[in-house]
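In what follows, a structure is listed as structure tokens, so that the remarks can point back to it.
Because the structure is a prediction, the values reported are computed rather than measured.
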Amino acid sequence: MAIKIRQRRATDLGWLCWTAQRASEAWDFIDERQLIRRAAFIWTLAFTGRFAIWTMDYAWHSNQPGGEIALVIGAVWAPWTLFQGAVFKFYDQAQQGGGAERSAKQRAANG
């Protein structure tokens with residue numbers, strides 16, 4: 001990891017510039033470690049488990065016939081499965097270092 005030397009102008013001493021600099025450093029920290037991508041992946045896994053529990057609870061306590069239960073469960077799971085597949089694909093591509101998902105620092109270092 002290359003050390004980045006920041007040059008400051010005389011006009012960069014105000015509170016607004018200091019705040020912008022800290023926000024930029026915080027975003028660089030988040031971007032380098034791919035924290036948002038990992039949080040989305042973990043969130044998706046957690047809600048998949050929550051959906052599975054809801055599915056079992058709905059099927060167990062429903063008074064509807066089996067075919068109608070299956071239709072409701074399918075209507076809930078179909079869009080979730082598409083969303084889950086997109087998140088997993090996004091995470092997998094990021095792990096392989098491909099596409100636009102690479103961090104700004106990685107793009108700058110690799111050209």
Please tabulate, for side-chain N and O atoms in residues 79-88, each donor-acceptor pair with protein atoms closer than 3.5 Å (sequence neighbours left out).
from, atom 1, to, atom 2, distance (Å)
W80, NE1, T48, OG1, 3.1
T81, OG1, W77, O, 2.7
Q84, NE2, T48, OG1, 2.7

> V76: what forms a side-chain contact (heavy atoms from CB on, under 4.5 Å) with it, not counting sequence neighbours?
Replying inline: W54
> With a cutoff of under 4.5 Å between side-chain heavy atoms, which Ile, Leu, Val, Met, Phe, Trp and Tyr residues group with L71?
Replying inline: none
> Are any side-chain N or O atoms of S24 and backbone N or O atoms of A20, one a donor and one an acceptor, separated by less than 3.5 Å?
Replying inline: no
>> Distance check, rounded to the nearest 0.5 Å: M56 atom CE versus I73 atom CD1?
In response: 10.0 Å
>> Counting C-beta onward and ignoring hydrogens, is there a side-chain heavy-atom pair between R50 and I53 closer than 4.5 Å?
In response: yes
> Got a sec, which hydrophobics cluster with W60, joining ILVMFWY side chains under 4.5 Å apart, including via others?
Replying inline: none
>> Checking one residue: L35. Which other hydrophobic residues are in its cluster under the side-chain 4.5 Å linking rule?
In response: W27, F29, I30, I36
> What residues form a side chain to side chain donor-acceptor pair (under 3.5 Å) with N63, not counting sequence neighbours?
Replying inline: none
>> How long is the straight-line distance from CZ of R37 back to OH of Y91, given to the nearest 0.5 Å?
In response: 9.0 Å
